[in-house]
Asker: 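The structure under discussion is supplied below as structure tokens; questions concerning it will follow.
Here is the naming used below: chain letters follow the sequence lines, and residue numbers restart at 1 for every chain. Source: prediction; values computed, not measured.
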Amino acid sequence: MSTPALLCAAAEIALNRYLRLEAAVLDECAELDGRCIEFMLPAASLAMTLEFMPAGVRITPQPPAPPEVRVGGSPTALLAALRQLAGGREGLPAGLEIEGDPELLDRFRAMLVRVGFDPEEWLAPLLGGAAAHRAVGSLRRMLGWGRDTSQRMADHSAEYLREETRDLARGRDVAAWMDEVDHCRDALDRLDARLRRLEGSAGDKS
Amino acid sequence: MTDTNKPGANPPSTTTHFGFQQVPIQDKRRRVAGVFDSVASKYDVMNDLMSLGVHRLWKRFVIDLAGVRAGEKVLDVAGGTGDLAGEFARQAGPRGLVVLSDINASMLGEGRRRLEDRGLVNLPTVQANAECLPFEESSFDCITIGFGLRNVTDKDAALRSMYRSLKPGGRLLVLEFSKPVVPGLSRIYDRYSFKLLPLMGRLVANDEDSYRYLAESIRMHPDQDTLKGMMQAAGFARTLVYNLTGGIVAVHRGFRLDA
Ligand SMILES: C[S@@+](CC[C@H](N)C(=O)[O-])C[C@H]1O[C@@H](n2cnc3c(N)ncnc32)[C@H](O)[C@@H]1O
């Protein structure tokens with residue numbers, strides 16, 4: 001059981017964006033350097049390992065060293081855990097199977113709460129915005145998520161990249177850009193007028 | 001074909017491949033330089049055409065995965081026209097340092113011009129051979145080499161040199177053409193790269209031979225597993241391969257984890 005590298009990359013990139021919001025959280029990552037948590041979603045044959053490093057976390061399909069703690073569960077349980085996280089509630093959620101030292105897991109949970117981790121936003125690059133809402137809202141879709149997404153991610157990296165990085169222009173971005181261009185033009189016109197006035201008044205004085 | 005590049009697969013010899021030809025080792029560097037001299041100014045247009053625009057997405061993935069933070073020191077090896085370096089400069093910010101390096105002066109010149117066009121004027125550029133980078137040991141947090149490694153004569157030496165230049169904990173990202181992993185894609189891709197690429201090279205850059213070299217060099221480059229093994233042999237840890245677009249391109253990432 002492992003997870004396609006691209007799915008690990010997507011999770012890592014998005015998670016690090018959160019963790020890097022707070023210098024203190026990064027310091028804690030540095031303190032935990034080299035320690036690992038393995039996450040398993042047996043229903044979707046997915047497993048990935050999170051390893052702390054000074055710049056955040058590294059996510060790999062295989063554990064680089066025996067993980068100190070393993071977390072597994074049904075998609076329902078993981079979903080509940082994510083919801084609990086989003087709510088900022090204390091303690092590890094019920095229904096997860098935790099093997100090993102829960103302290104590391106709890107520290108990770110606390111870090112996510114501190115940076116205001118939002119599971120819907122986190123899942124969005126993997127699933128596309130609307131699908132993330134559905135996934136977090138519905139157990140059935142969440143079940144399908146693991147199986148379909150891992151395949152989709154492997155095949156359609158460009159799709160992920162479009163949503164995630166906005167490299168390909170989307171309609172609303174183009175519209176926003178056009179607005180900015182208009183704005184810029186207006187500002188230029190104003191500047192031009194002001195310059196002319198200044199030049200005019202300088203000319204009057206001389 | 002890719003076997004020819006497996007570490008240790010070649011008996012010691014004084015020749016190396018240049019595309020599909022065998023040439024004396026000293027010659028390869030000169031010939032590669034010739035190729036990039038002649039394509040430098042059309043390089044971007046060709047990149048877009050050759051990869052049907054997807055090369056921007058591939059580079060975007062490298063940029064995201066590199067996760068450069070403010071204040072970091074980054075080196076882009078074989079950086080050519082500066083696509084990666086420019087983005088890293090934005091992320092590393094004024095407290096960081098991004099060095100653009102390439103063996104070829106005309107590619108570097110083109111890169112500098114393009115960076116200036118984007119308002120990036122304070123990037124040091126260094127003309128250097130990837131095989132023996134002229135930087136102090138442990139200088140950089142992140143090193144990238146995008147579509148450059150396949151042109152390097154001694155890839156193992158380049159990997160070792162990049163390893164040396166990384167700080168402990170630092171990461172190397174190699175973006176390179178690789179071996180399609182999706183069944184059926186190989187054949188289509190072969191046709192595309194051997195027929196269409198040189199044709200586009202002739203039409204756009206007026207330089208069919210250079211683009212034929214590119215197609216051939218892509219095919220001679222080590223496949224995913226071979227390159228991963230080479231990185232591990234150079235000392236890299238946590239080495240992972242990310243296949244993009246069905247493996248036409250792969251990103252290899254490894255860390256220098258010694259203390
Ligand atoms: C295909 S271009 C890639 C440019 C840029 N990284 C990109 O992705 O657009 C390959 C570059 O590798 C450079 N190169 C070839 N051999 C090299 C070597 N031994 N050391 C450093 N750069 C080298 C060439 O001069 C050329 O600019």
Side-chain angles (χ1 to χ4, degrees), chain A residues 2-23 25-27 29-30 33-34 36 48-65 125-126 150-169, chain B residues 48 51-72 74 83 87 91 141-142 167-171 173 175 178 180-185 224 228 232 236-259:
Chain A
S2 76
T3 302
L6 268 188
L7 196 55
C8 290
E12 180 189 298
I13 291 165
L15 205 50
N16 278 332
R17 279 193 188 141
Y18 272 104
L19 298 175
R20 288 167 186 171
L21 293 175
E22 285 252 358
V25 167
L26 277 190
D27 291 345
C29 289
D33 189 14
C36 299
M48 53 170 90
T49 303
L50 177 151
E51 183 187 8
F52 291 97
M53 60 175 184
V57 296
R58 191 160 36 222
I59 296 187
T60 48
Q62 309 291 345
L126 307 183
S150 52
Q151 196 47 49
R152 244 183 62 193
M153 279 293 294
D155 296 345
H156 301 290
S157 47
E159 203 176 303
Y160 144 69
L161 287 158
R162 174 171 46 219
E163 262 309 311
E164 168 65 354
T165 68
R166 320 221 162 133
D167 234 326
L168 303 181
Chain B
D48 270 331
S51 67
L52 311 170
V54 191
H55 78 108
R56 290 183 198 281
L57 297 178
W58 296 330
K59 285 179 181 161
R60 193 68 232 181
F61 179 75
V62 170
I63 289 160
D64 282 348
L65 192 66
V68 170
R69 288 176 303 138
E72 285 197 312
V74 185
D83 280 355
E87 191 56 30
Q91 296 173 333
D141 298 288
C142 177
K167 294 181 191 172
R171 61 246 186 237
L173 285 95
L175 169 66
S178 208
V181 289
V182 176
L185 191 57
Q224 286 87 332
K228 184 176 172 188
Q232 286 165 335
F236 288 96
R238 307 286 191 274
T239 313
L240 200 57
V241 184
Y242 304 86
N243 282 312
L244 305 178
T245 318
I248 289 180
V249 155
V251 175
H252 284 66
R253 182 179 67 172
F255 290 79
R256 172 174 181 176
L257 289 188
D258 63 330

Asker: Would you give the length of the straight line joining atom CG of A:Leu6 to atom CZ of B:Phe61, rounded to the nearest 0.5 angstrom?
Answerer: 5.0 Å

Asker: Distance check, rounded to the nearest 0.5 Å: B:Ile63 atom CD1 versus A:Ile13 atom CD1?
Answerer: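 Here the interatomic distance stands at 11.0 Å.
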
Asker: With sequence neighbours left out, what residues match A:Pro54 under side chain to side chain contact (heavy atoms under 4.5 Å, CB included)?
Answerer: A:Ala30, A:Asp33

Asker: Has the side chain of A:Arg17 got a donor or acceptor atom that lies under 3.5 Å from a matching backbone atom of B:Gly67?
Answerer: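 No; zero donor-acceptor contacts below 3.5 Å.
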
Asker: Can you tell me which portion of B:Val251 sits under 4.5 Å from chain A's heavy atoms? Options are side chain, backbone, both or neither.
Answerer: neither

Asker: Need one label for B:Arg253: side chain, backbone, both or neither, based on atoms under 4.5 Å from any heavy atom in chain A.
Answerer: side chain

Asker: Kindly give the heavy-atom pair with the smallest separation between B:Tyr242 and A:Ala9, and that separation in Å.
Answerer: CE2-CB, 3.5 Å

Asker: Tell me the salt bridge (Lys or Arg N to Asp or Glu O under 4.0 Å) pairs involving residues 236-249 of chain B, sequence neighbours left out?
Answerer: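 Output for this query lists A:Glu51-B:Arg238.
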
Asker: Could you walk me through whether A:Arg58 and B:Leu240 pass the side chain to side chain contact (heavy atoms under 4.5 Å, CB included) check?
Answerer: CA-CA 11 Å; A:Arg58 191 160 36 222; B:Leu240 200 57; over 6 Å; no

